[in-house]
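Read through the structure below, which is laid out as structure tokens, and then see the notes.
Just so you know, these numbers use all the heavy atoms, side chains as well, and skip hydrogens, waters and symmetry mates.
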2 protein chains.
Amino acid sequence: MEHRIDRIKKQLHAQSYKLTPQREATVRVLLEREEDHLSAEDIYLLVKEKAPEIGLATVYRTLELLSELKIVDKINFGDGVSRYDLRKEGAEHFHHHLVCIECGSVEEVVDDLLGDVEKIIENDWGFQVKDHRLTFHGICKQCQKATVKS
Amino acid sequence: MEHRIDRIKKQLHAQSYKLTPQREATVRVLLEREEDHLSAEDIYLLVKEKAPEIGLATVYRTLELLSELKIVDKINFGDGVSRYDLRKEGAEHFHHHLVCIECGSVEEVVDDLLGDVEKIIENDWGFQVKDHRLTFHGICKQCQKATVKS
DNA sequence: AAACAAATGATAATAATTATTATTATATAA
DNA sequence: TTATATAATAATAATTATTATCATTTGTTT
Ligand SMILES: [Mn+2]
Ligand SMILES: [Mn+2]
Ligand SMILES: [Zn+2]
Ligand SMILES: [Zn+2]
């Protein structure tokens, strides 16, 4: 935890931004809920528990900044809100997601499965890939079981 | 064109919806601008040229309906708006996109490159894939040339 | 024609995000 | 240290996209 915070602090300093108490509180929430996919509002409410005086706009600004520095990835699963996802330590690319159309659960796929596809895009399409977003929509394990039973 | 409209008409009738003049005008705009990725507002303005009396809410309702029937796919490229993309004739899955982070251009990749990845997701993760969204972010051909020149 | 259901247009309401502005904290220079 | 400049913040207003409401229209079924 402290180690991750330290790395992020350095990434901020490298661009001459500082890790203010508000920014640190926000990062801590993101670290504590790393598996989740929280909206700005969600994060705001959680940060308030640590730092009750924080304003919503500051949370938005912090998330915006962390996005620019590629510390978090901003993603949209099709409901009206943006969600913020901490990038896995050392990961080159954003990870993939499995979204269940029955129960709404979101699972993470940390292995990068797109190496070959990326080569095709670069070679056949002449497009220089920097990053990607891949989401599968379907039925999760639990919901499959539930369907068989009923 | 008329052939595609006819097919869509049948898809609607199959679920006992009708192809009203407003819906038809909307579908015509989508067909005419098939390569583009229009927002609801964009579509509204274009439909108005054909059917000036149409209301914005009707456009939203129509797009919602077409999404449910999988005639269009709703997608979000990270700016605040939803965009609507006609599904290619006979396509099983939504196609892929290449978004240039320099100039903002969006290119379409119609070949489905995810067959193998999908197998891994189904076998190793036990997740039953119904559809997917894949977007690459990077530098398009034109912008690469521009960079070399300068 | 009467009755009913589906669809529409106008517009109000909602919700997410961004902009503004006065204030506060932090860093730098004299 | 004190003064001064800069960056960041909180509160809140404004904006924007989308959805909800409701009276009216259209089309269909008796
Ligand atoms: Mn994730
Ligand atoms: Mn497309
Ligand atoms: Zn599920
Ligand atoms: Zn480009």
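Side-chain N/O atoms of Thr20(A) include one lying less than 4.0 angstrom from OP1 or OP2 on dT9(D). Phosphate proximity of dA25(C) to Gln22(A): absent, as no side-chain N or O sits under 4.0 Å from OP1 or OP2. Phosphate contact (OP1/OP2 of dA7(C), side-chain N/O of Thr58(B), threshold under 4.0 Å): absent.
In the set dA7(C), dA16(C), dA8(D), the nucleotide with an atom closest to the side chain of Lys18(A) is dA8(D). Considering only the side chain of Tyr60(A), dT18(C) comes nearest among dT18(C), dA8(D), dT18(D). Residue Tyr17(B) has its side chain nearest to dA7(C) when only dA7(C), dA17(D), dG9(C) are considered. The nucleotide whose nearest atom lies closest to any side-chain atom of Ser82(A) is, among dA7(D), dT17(C), dT18(D), dT17(C). Distances were taken from every side-chain heavy atom of Arg23(A) (C-beta onward) to each of dG9(C), dT9(D), dA16(C); the shortest belongs to dT9(D).
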Kindly list each side-chain donor-acceptor pair under 3.5 angstrom involving residues 74-83 of chain B, sequence neighbours excluded, with atom names and distances?
from, atom 1, to, atom 2, distance (Å)
Asn76(B), OD1, Gly78(B), N, 2.9
Asp79(B), OD2, Arg83(B), NH2, 3.0
Arg83(B), NH1, His37(B), O, 2.7

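At whole-Å resolution of the value, CG in Asn76(B) and C1' in dT18(D) are 13 Å apart. Going from atom CG of Leu65(B) over to atom C1' of dA6(C) covers 12 Å, rounded to whole Å. Atom P of nucleotide dG27(D) and atom CD of Glu24(B) are separated by 13 Å, given to the nearest angstrom. Atom CD1 of Ile43(B) is separated from atom P of dT18(D) by 10 Å (rounded to the nearest Å). The CD-P distance, from Gln15(B) to dA7(C), rounds to 12 Å in whole Å. Summarising the geometry, the separation between CG on Leu12(A) and P on dA27(C) is reported as 14 Å, rounded to the nearest angstrom. The distance between atom CD of Glu64(B) and atom C1' of dA6(C), rounded to the nearest whole Å, is 17 Å. When rounded to the nearest whole Å, the span between CG of Asp79(B) and P of dT17(C) equals 13 Å.
Counted by atom type alone, Asp73(B) and His95(B) present zero donor-acceptor pairs between their side chains at under 3.5 Å. In summary, the side chains of Arg61(B) and Thr58(B) do present a donor paired with an acceptor at a separation below 3.5 Å, with no hydrogens or angles considered.
Side chains of Arg7(A) and Glu89(A) form a contact here, defined as non-hydrogen atoms less than 4.5 Å apart.
Summary of the strand contacts: Ala40(A) and Lys48(B) both lie near DNA chain C, and taking for each the nucleotide with the nearest heavy atom, the more 5' one is attributed to Lys48(B). Looking at which nucleotide of DNA chain D each of Pro21(B) and Leu56(B) is closest to, the 5′-most match is held by Leu56(B).
Residue Arg61(A) is in base contact, counting any heavy-atom pair closer than 4.0 Å across all strands shown. The residue Ser39(A) sits apart from the nucleic acid: no heavy atom pair falls under 4.0 Å. Note on Glu41(A): nothing from the nucleic acid sits closer than 4.0 angstrom, heavy atoms only.
Residues satisfying the ring pair (Phe, Tyr, Trp, His ring centres under 6.0 Å) test with His132(A), not counting sequence neighbours, are His93(A), His96(A).
Looking at Glu108(B) and Lys88(B), a side-chain N of the basic residue comes within less than 4.0 Å of a carboxylate O on the acidic one, giving a salt bridge.
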